[in-house]
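Here's the structure, in structure tokens; my notes come after.
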There are 2 protein chains.
Amino acid sequence: MLPIDRVFHALGDPTRRAMVEYLSAGPLPVTRLAEPFPMSLAAVMQHVRILEASGLLKTEKTGRVRTCRVEPAGFAVVDEWVRRRRANWNTRFDRLEGLLRE
Amino acid sequence: MLPIDRVFHALGDPTRRAMVEYLSAGPLPVTRLAEPFPMSLAAVMQHVRILEASGLLKTEKTGRVRTCRVEPAGFAVVDEWVRRRRANWNTRFDRLEGLLRE
DNA sequence: GAAATAGTCAAGTAAACACTTAAGTATTGA
DNA sequence: TCAATACTTAAGTGTTTACTTGACTATTTC
């Protein structure tokens, strides 16, 4: 699975997006991050792992506490993809292109 | 399902993202759009419907041909979400915030 | 050192998802 | 008008996903 696939897949789930939103306000331990979510800690951890694997989050364990923080670089992937699409449809003359494609 | 959920869910699938990429170069009929994908037309149509429901695409049927085109407004949703996250983590002093949150 | 805390691991489950095939409709071209 | 084209609809299928529960480990705290 490509990195970009992992990022978009990770953000495709509303729970994970909400987690990113919570963490955008600052780092939190898993247990604190889990508080607003009506699910088990184990489930939250599974989401955290997916977000981490995608590069949107980084986690670090000190003692028994694992702290999660947002990784800005992960978002650049999304940003750049959108930017590229826009570059495409802005840089051409719709009418002409449409005709040429037939 | 919220509009933003629909957009991110739609982009969470690699096939659908690829379709958006193809259509970024200009509008195409469903059959033409389907060409590069190793799956049935029916499957492609299902993806098109999901993309359309999310607001990333618009389609128009003239005669027996349904033409698909990218809808720039759909991407603004993604863009703005990323922008908001960034606004959060840029507008604060990480150290201080981290301490205050305990 | 015993009990509470914070996370980890593994196995299971129900629902959602990405397809398929097959039959059907509307439009176009010869 | 007949056949080909371009979808459309519906029903079915295997896989992935988002969870659960329960048992376990490591770290603090009292």
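Predicted model only: the values in this text are computed from it and were never measured. Every chain is numbered from 1 and lettered A, B, ... according to where its sequence line falls, protein lines coming before strand lines.
Between Met45(B) atom CE and dT20(C) atom P the separation is 15 Å, expressed in whole Å. Here the P atom of nucleotide dA16(C) and the CE atom of Met1(B) are 11 Å apart, to the nearest Å. In this structure, CD of Glu60(A) is placed 18 Å from P of dA6(C), rounded to the nearest angstrom. In this structure, CG of Asp5(B) is placed 18 Å from P of dT17(D), rounded to the nearest angstrom. Going from atom CG of Leu51(B) over to atom C1' of dA18(C) covers 13 Å, rounded to whole Å. Between Leu11(B) atom CG and dC17(C) atom C1' the separation is 16 Å, expressed in whole Å. Nucleotide dA15(C) holds its C1' atom 14 Å from the CG atom of Asp13(A), rounded to whole Å. The separation between Met39(A) atom CE and dT17(D) atom C1' is 12 Å, rounded to whole Å.
For Lys61(A) and dA6(C), the shortest distance from a side-chain N or O to OP1 or OP2 is not below 4.0 Å. Contact annotation: Thr15(A) reaches the phosphate of dC19(D) (side-chain N/O to OP1 or OP2, under 4.0 Å). OP1 or OP2 of dC19(C) lies within a sub-4.0 Å distance of a side-chain N or O belonging to His47(B). Dashed line: the shortest gap from a side-chain N or O of Arg49(A) to OP1 or OP2 of dC9(C) is under 4.0 Å. Proximity of His9(A) to the phosphate of dT17(D): a side-chain N or O atom is located under 4.0 Å from OP1 or OP2.
Projected onto DNA chain D by closest heavy-atom contact, Arg16(A) and Gln46(B) fall at different nucleotides, the more 5' of which corresponds to Gln46(B). Toward the 5' end of DNA chain D, the nearer of the two residues Leu41(B) and Ala43(A), judged by each one's closest nucleotide, is Leu41(B).
The side chain of Ala42(B) lies closest to dA10(D) when the candidates are dC19(C), dC7(D), dA10(D). Between dT8(D), dA10(C), dT21(C), one nucleotide has an atom nearer to the side chain of Ser40(B) than all others, and that is dT21(C). Nearest to the side-chain atoms of Arg66(A) among the listed nucleotides dT8(C), dT8(D), dC19(C) stands dT8(C).
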Using a 4.0 Å heavy-atom cut-off to protein, can you give one letter per nucleotide of nucleotides 25-30 of chain D, 5' to 3': B if the base is in contact, S if only the sugar-phosphate is, - if neither?
--BS--

Between Arg32(A) and Glu35(A), is a salt bridge (charged side-chain N to carboxylate O under 4.0 Å, His left out) present by the stated rule, with each step listed?
CA-CA 5 Å; Arg32(A) 291 283 311 278; Glu35(A) 279 167 13; 3.7 Å; yes

Candidate pair Val30(A) and Thr67(A), rule side-chain contact (heavy atoms from CB on, under 4.5 Å), full reasoning
CA-CA 6 Å; Val30(A) 176; Thr67(A) 304; over 6 Å; no

Leu57(B) vs Met19(B), test: side-chain contact (heavy atoms from CB on, under 4.5 Å). Steps then yes/no.
CA-CA 10 Å; Leu57(B) 248 57; Met19(B) 287 176 176; 6.0 Å; no

Ile4(A) vs Phe8(A), test: side-chain contact (heavy atoms from CB on, under 4.5 Å). Steps then yes/no.
CA-CA 6 Å; Ile4(A) 191 167; Phe8(A) 275 101; 3.7 Å; yes

With side-chain contact (heavy atoms from CB on, under 4.5 Å) as the criterion, how do Phe75(B) and Val20(B) come out once you've worked through the C-alpha distance, each side chain's angles and the decisive distance to 0.1 Å?
CA-CA 11 Å; Phe75(B) 295 80; Val20(B) 169; 3.4 Å; yes

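Panel note: side chain Arg6(B), backbone Met1(B); a donor-acceptor pair is recorded below 3.5 Å. A donor-acceptor pair under 3.5 Å is absent between the side-chain atoms of Arg16(B) and the main chain of Leu11(B), judged by distance alone. Not one N or O on the side chain of Arg85(A) forms a donor-acceptor pair closer than 3.5 Å with the backbone of Ser24(B).
When hydrophobic clusters are built by joining Ile, Leu, Val, Met, Phe, Trp and Tyr residues whose side-chain heavy atoms come closer than 4.5 Å, directly or via intermediates, Leu51(A) is not grouped with Val65(A).
The minimum heavy-atom distance between Ala34(A) and Val44(A), with the atom names listed, is CB-CG2, 3.7 Å.
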Show me the protein contacts with nucleotides 23-25 of chain C, counting only N or O atoms at under 3.5 Å.
none

